[in-house]
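So the structure is just underneath, and the comments pick up after that.
Not measured: the values here are computed from a predicted model. One is the number of the first residue; the rest follow in order along the sequence.
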Amino acid sequence: MDAVAVTPKHRRQPWLARAVTALLLGLSLGACSSFNFFNKDDTPPDEPADRLYNEGLFLLNQKKDPKEAVKKFEEVDRQHPYSEWARKALIMSSYAYYEAGSYDDSVTAAKRYISLHPGSADAAYAQYLIGASYFDEIPDITRDQARTEKAMAALDEVIRKYPTSEYSVSAKQKINVARDQLAGKEMLVGRFYLEKKDYTGAINRFKVVVTKYQTTRQVEEALMRLSEAYMALGIVEEAQTAAAVLGHNFPDSEWYSHAYSLVKSGGGVPTENKGSWISKAFKKVGLG
């Protein structure tokens with residue numbers, strides 16, 4: 001039997017050694033790459049804050065694209081969170097959201113601005129944006145008026161905290177509109193009760209208008225309706241007082257003509273009882 005030649009193990013499988021070497025080399029290079037071996041950074045460099053901010057202004061003012069402008073302003077905050085540009089971008093984000101009709105986002109951004117920069121010169125504007133956002137979503141008087149209440153509260157903060165700011169006058173004007181809205185809601189419900197002959201329920205609603213919203217345009221009708229409800233209940237003295245107060249404060253009102261005719265049809269004339277809650281309510285704010 002012929003002898004079989006035996007090849008040493010390290011000579012028999014040279015391809016295995018080469019494969020292992022290649023594998024180790026690949027892993028080594030991969031690890032080096034992971035640890036930035038070539039000292040390269042694949043993360044794109046931050047854009048200058050002023051460039052991002054001005055791009056946002058351009059999109060907002062020139063392109064009239066507030067949604068895209070918001071992205072630029074928020075990028076300022078993301079890339080340069082502790083800079084003065086980030087502070088400016090935050091208030092502009094709130095404004096851009098407001099212009100886009102994204103009122104909840106505008107409120108969120110404005111509240112964040114106030115919490116971070118309460119002493120800033122733009123804090124008054126941020127507070128105004130909160131009120132304006134709620135104000136622009138005031139629903140018609142047939143619906144819940146929670147937004148109206150929020151608008152009044154936020155706008156009142158502008159007047160209370162920043163009375164000399166340029167936004168105070170506008171805040172007062174919006175509050176007057178909001179108050180008239182709330183008074184209108186009370187009148188709507190009061191008329192409903194009146195039609196249902198629930199005179200006590202109607203009086204309670206009209207009373208709210210007279211005591212809380214007597215500087216609104218709704219108060220004239222409220223006084224006439226009080227005359228109507230009190231006459232229906234046979235409480236003539238209060239009906240006469242409501243008509244008298246209406247005539248004294250709004251002598252040219254068509255509602256006074258109705259109230260006068262109503263009281264006269266019952267055999268009386270408008271006569272003010274100084275002890276009536278109606279008379280006292282108007283005296284309290286300098287009317288009557």
Could you walk me through whether Glu55 and Leu52 pass the side chain to side chain contact (heavy atoms under 4.5 Å, CB included) test, one step at a time? CA-CA 5 Å; Glu55 286 175 356; Leu52 286 168; 4.1 Å; yes
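- At a threshold of 4.5 Å between non-hydrogen side-chain atoms, the residues Asn249 and Leu223 do not count as touching.
- Taking NZ of Lys207 as the reference point, atom OG1 of Thr200 lies at 11.5 Å (rounded to 0.5 Å).
- In the hydrophobic cluster analysis, where Ile, Leu, Val, Met, Phe, Trp and Tyr join through side-chain heavy atoms closer than 4.5 angstrom, Leu226 is grouped together with Trp255.
- Rounding to the nearest 0.5 angstrom, the gap separating the CD1 atom in Ile159 from the OG1 atom in Thr164 is 12.5 Å.
- Under the 4.5 Å side-chain heavy-atom criterion for Ile, Leu, Val, Met, Phe, Trp and Tyr, Tyr97 and Met92 are members of distinct hydrophobic clusters.
- Put simply, OG on Ser165 and CD on Gln127 are 10.0 Å apart, with the number rounded to the nearest 0.5 Å.
- In terms of hydrophobic clustering, with Ile, Leu, Val, Met, Phe, Trp and Tyr side chains grouped at heavy-atom distances under 4.5 Å, Val107 and Leu129 are assigned to different clusters.
- Under a 3.5 Å cut-off, the side chain of Gln79 and the backbone N or O of Glu47 do form a donor-acceptor pair.
- Nearest heavy atom pair, residue Leu155 against residue Ala132, reads CD2-N, 4.2 Å.
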Please lay out, stage by stage, how Leu182 and Met152 fare under the test side chain to side chain contact (heavy atoms under 4.5 Å, CB included). CA-CA 10 Å; Leu182 293 177; Met152 287 182 60; 3.3 Å; yes
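- Proximity of a side-chain donor or acceptor of Ser106 to a complementary backbone N or O of Ser102 within less than 3.5 Å is not detected.
- Glu84 pairs in a side chain to side chain donor-acceptor pair (under 3.5 Å) with only one of the listed residues (Arg87, His80, Lys88), which is Arg87.
- Using a distance-only test at 3.5 Å, with no hydrogens or angles considered, a donor-acceptor pair links the side chain of Ser227 to the main chain of Ala243.
- Summarising the geometry of Gln214 relative to Ala281, their closest heavy-atom pair is NE2-O, 3.3 Å, with the distance given to 0.1 Å.
- Shortest non-hydrogen contact noted between Ala183 and Gln218 is CB-CG, 3.6 Å.
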Could you walk me through whether Trp277 and Val210 satisfy the side chain to side chain contact (heavy atoms under 4.5 Å, CB included) test, starting with their C-alpha distance in whole Å, then the side-chain angles of each, then the deciding distance to 0.1 Å, before giving a yes or no? CA-CA 10 Å; Trp277 70 265; Val210 171; 3.8 Å; yes
For a side chain to side chain donor-acceptor pair (under 3.5 Å) check, start with the C-alpha distance between Ser279 and Glu272, then their side-chain angles and the critical distance, and finish with the verdict. CA-CA 7 Å; Ser279 182; Glu272 183 176 0; 2.5 Å; yes
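- With no hydrogens or angles considered, a side-chain donor-acceptor pair links Tyr113 and Ser120 at under 3.5 Å.
- Screening Lys196, Arg205, Glu221 for a side chain to side chain contact (heavy atoms under 4.5 Å, CB included) with Arg191, the sole residue that qualifies is Glu221.
- Tyr103 has its ring centre less than 6.0 Å from the ring centre of Tyr98.
- Hydrophobic clustering (side-chain heavy atoms under 4.5 Å, transitive across Ile, Leu, Val, Met, Phe, Trp, Tyr) groups Tyr230 together with Tyr199.
- Put simply, Leu262 and Val219 are part of two different groups of oily side chains (I, L, V, M, F, W, Y) that touch within less than 4.5 Å, one to the next.
- Of the inter-residue distances, the one linking Thr148 atom OG1 with Phe135 atom CZ reads 9.0 Å to the nearest 0.5 angstrom.
- Residues Gln145 and Gln181 come closest through the heavy atom pair OE1-CG, 3.1 Å.
- The structure places OG of Ser94 at 8.5 Å from CD1 of Ile114, a figure rounded to the nearest 0.5 Å.
- With respect to the salt-bridge test (charged N to carboxylate O, under 4.0 angstrom), the residues Arg112 and Asp105 do not qualify.
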Where do Lys63 and Phe58 land on the side chain to side chain contact (heavy atoms under 4.5 Å, CB included) test, with the steps shown first? CA-CA 7 Å; Lys63 293 296 186 179; Phe58 177 78; 3.6 Å; yes
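- Phe282 and Phe250 have perpendicular rings, their planes meeting at more than 60° on a 0 to 90° scale where under 30° would count as parallel.
- Taking both residues in full, the closest heavy atoms of Ala124 and Val158 are given as O-CG2, 4.5 Å, listed atom of the first, atom of the second, then distance.
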Show, in sequence, the C-alpha distance, side-chain angles and deciding distance for Arg147 and Asp104, and conclude whether the salt bridge (Lys or Arg N to Asp or Glu O under 4.0 Å) test is met. CA-CA 11 Å; Arg147 281 269 171 176; Asp104 288 341; 2.7 Å; yes
Between Tyr128 and Lys174, does the side chain to side chain donor-acceptor pair (under 3.5 Å) criterion hold? Intermediate values first, please. CA-CA 11 Å; Tyr128 178 78; Lys174 281 181 166 56; 3.1 Å; yes
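- The existence of a salt bridge linking Glu75 and Lys72 is excluded, since no basic side-chain nitrogen approaches an acidic carboxylate oxygen closer than 4.0 Å.
- Counting only heavy atoms from C-beta outward, the side chains of Pro270 and Tyr260 approach each other to under 4.5 Å.
- For the pair Val70 and Lys67, the minimum side-chain heavy-atom distance is 4.5 Å or more.
- Considering all non-hydrogen atoms of both residues, Ala229 and Leu194 come closest at CB-CD1, 3.9 Å.
- Residues Asp77 and Phe73 have side chains not in contact (no heavy-atom distance under 4.5 Å, counting atoms from C-beta outward).
- A donor-acceptor pair under 3.5 Å is absent between the side-chain atoms of Glu228 and the main chain of Ala239, judged by distance alone.
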Any chance you could lay out the side chain to side chain donor-acceptor pair (under 3.5 Å) test for Glu220 and Ser253, step after step, and finish with the verdict? CA-CA 7 Å; Glu220 297 175 36; Ser253 171; 2.6 Å; yes
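- Two residues are said to be in side-chain contact when any heavy atoms from C-beta on lie closer than 4.5 Å; Ser133 and Glu137 fail this criterion.
- Atom NE2 of His117 is separated from atom CG of Leu90 by 6.0 Å, given to the nearest 0.5 angstrom.
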